[in-house]
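Following: one structure in structure tokens, then a few remarks.
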Protein chains: 2
Amino acid sequence: MGTTQLESVPEPKYWHLKTVLGEALDSEFTVGEILPNERDLAARFGVARATLRQALEQLELEGRLQRRRGVGTTVAPPRMGVEVGPAQNAWPGETDDWQPADCVQTAPPAAVAKLLGCGTQEPVHAVRRSRVSGGQPVAAELLYVPAASVPELSAIETPGGPARARAVLRELGRLGLEGEDRAVELGSARADDAKQLDRLPGAPVLLVTTRYFAQGRTAAVSVATYRADTCRLTFGDSGDVQIDHGQERRAS
Amino acid sequence: MGTTQLESVPEPKYWHLKTVLGEALDSEFTVGEILPNERDLAARFGVARATLRQALEQLELEGRLQRRRGVGTTVAPPRMGVEVGPAQNAWPGETDDWQPADCVQTAPPAAVAKLLGCGTQEPVHAVRRSRVSGGQPVAAELLYVPAASVPELSAIETPGGPARARAVLRELGRLGLEGEDRAVELGSARADDAKQLDRLPGAPVLLVTTRYFAQGRTAAVSVATYRADTCRLTFGDSGDVQIDHGQERRAS
DNA sequence: TAGTGGTCTAGACCACCCT
DNA sequence: GGGTGGTCTAGACCACTAC
């Protein structure tokens, strides 16, 4: 018979489909090229559209495809490396491509309050910023700065816009930065972050939580939301190395 | 009428469902508790099972739920912090909970060869290891070590099992480590990694690629696959801090 | 207006775990 | 064997984009 031994291990259809499509992307498509639409592709492979979509979702998760409603599915460029590590200890955005958006005074979320070592009642400055790299937004950040960290600012009555955000960052920069630590985990984009990142709500993101230490305490906490589909976070100087794809392939 | 203004922004059902379920998890469930099955839950909320599953998938992605086929859906504990950062420069596993599995001599994948600065023809030792934390597997790793990095080993004719893996690591440890850098990105588990991690193929994982520098060149490259649902990768000493949930909630 | 991806439904069957 | 989550189908309608 024409059957191989592999028939005895019924691989899910969408998984096989993902493999086939992935290989086709390598060999028959170029970056930016648009794929046939989902209905055509599903028909071509003889599966339901939902099954095809499961395969496309995987490929999108791995950063190989980009899908946009009303437009189509395109072949994604390799992920860009964005430096998030403490190559040198520095307050965020001092030498970087962060753009302050606005700043409000608010009560911190419980998790942030715990990191700051303060209660949820103590008001903090919440600076919202965007990080742009390669011409497109890659991250949305909320930087929580306790009022105690920037005492000079309290008296100033500036509006809550970008001007105030810059003022907070300027005051923060006057403190001697003693250290920082970071954590990275998977999350899904909240509605507001998704908008900033030009993605749909729920899109997979990498959450980078950073604590900044100064004057013997936690002087600020940053929660940055990076697009997981387009970004590879680098710690150290590996950002300049090109990776072929997010997913390694096993040598045969 | 009983309609609110929010009706004008038709939030997807699964998104609303995710929010409702998430709040229920906070207030009415304890860690480890098992939820009603998907068919019951779908009926209770008046949606199709597929729609409910979309919500559950999001919550699982955020590390709030754990689903196991044949068993059920349980409330997940907060993600554990696993240290991956260079708290101090050290060869991997010197002070850690890594467990060598086996070691084969093979040709490196193209992406790894590029990082090593060698061709895909030059054979390398591929050491496979598992990392266990809190009693469960959290990472599967492939450590690629060019034969040139461990010259003493070449002559030894040990079998390809754990003994050989330990031998490679021992030889590697004799080199003076000059530095390392890391990259983190989102991926999906290959079949073999998924098995090691006790997950289904395609499960979301955090890929940590590390380059180890010694003797003026890249002496080894590690590709580690961390479970994204249960792990929060920490860089520095933030591992001991408890985070309530992977996803921050906005202060109202 | 036409075409795309995003959401949703109501079923069916399968693989796996436990008893 | 009975119950669970995982896969798959064949439709339908919606939201968005571009022309």
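No hydrogens, no waters, no symmetry mates; every other heavy atom, side chains included, goes into these values. Just so it is clear: chains get the letters A, B, ... in the order the sequence lines come, proteins before strands, and each one is counted from 1. If you're wondering where the values come from, they're calculated on a predicted model, not measured in any experiment.
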At under 4.0 Å, does any side-chain N or O of [X] touch on OP1 or OP2 of [N]?
X: B:Y14; N: C:dT7; result: yes
X: B:N37; N: D:dG3; result: no
X: A:T51; N: D:dT9; result: yes
X: A:T73; N: C:dT4; result: no

Side chain of [X], heavy atoms from C-beta onward: which of [options] has the nearest atom to it?
X: B:R53; options: C:dG5, D:dT7, C:dT7; result: D:dT7
X: B:V71; options: D:dT4, C:dC17, D:dA15; result: C:dC17
X: A:Q54; options: D:dT9, C:dA15, D:dT7; result: D:dT7
X: B:A48; options: C:dA15, C:dT9, C:dG6; result: C:dT9

Please report the distance, rounded to the nearest Å, between [atom1] in [X] and [atom2] in [N].
X: A:R199; N: C:dG5; atom1: CZ; atom2: P; value: 14 Å
X: B:L56; N: D:dT7; atom1: CG; atom2: P; value: 14 Å
X: A:K195; N: D:dC16; atom1: NZ; atom2: P; value: 10 Å
X: A:K18; N: D:dC8; atom1: NZ; atom2: P; value: 14 Å
X: B:E11; N: D:dA15; atom1: CD; atom2: C1'; value: 15 Å
X: A:F45; N: D:dT7; atom1: CZ; atom2: P; value: 19 Å
X: A:Q58; N: D:dT7; atom1: CD; atom2: C1'; value: 13 Å
X: B:L59; N: D:dG5; atom1: CG; atom2: C1'; value: 16 Å

*asked:* Check whether A:R79 reaches the backbone of B:L186 with its side chain - one donor and one acceptor, N or O, closer than 3.5 Å.
replied: yes

*Would you say the side-chain atoms of B:R64 pair up with the backbone N or O of B:G22, donor to acceptor, closer than 3.5 Å?*
yes

*Verdict with supporting geometry, B:E38 and B:L56, side chain to side chain contact (heavy atoms under 4.5 Å, CB included)*: CA-CA 9 Å; B:E38 296 182 349; B:L56 294 184; 3.9 Å; yes

*Hey, can you tell me if A:W98 and A:Y226 have their rings parallel, tilted or perpendicular (30° and 60° cut-offs)?*
perpendicular

*Verify the neighbour count for atom CD of A:Q105: are there more than 12 heavy atoms of other residues, nucleotides or ligands below 6.0 Å?*
yes

*Salt bridge check: are A:E141 and A:R131 linked by an N-O gap of less than 4.0 Å?*
no

*Sugar-phosphate only, base, or nothing, as touched by A:L200 at under 4.0 Å among non-hydrogen atoms*: sugar-phosphate

_By the 4.0 Å heavy-atom rule, please label A:R68 as base, sugar-phosphate, or nothing._
sugar-phosphate

_N/O donor-acceptor pair, side chain B:R39 with base D:dG3, under 3.5 angstrom_ = no

*If you take atom types as modelled and just measure distance, does the side chain of B:R49 reach the base of D:dG6 with a donor-acceptor pair under 3.5 Å?*
yes

*asked:* Assuming nearest nucleotide by heavy-atom distance, tell me which of A:P36 and A:A50 is located more 5' along DNA chain C.
replied: A:P36

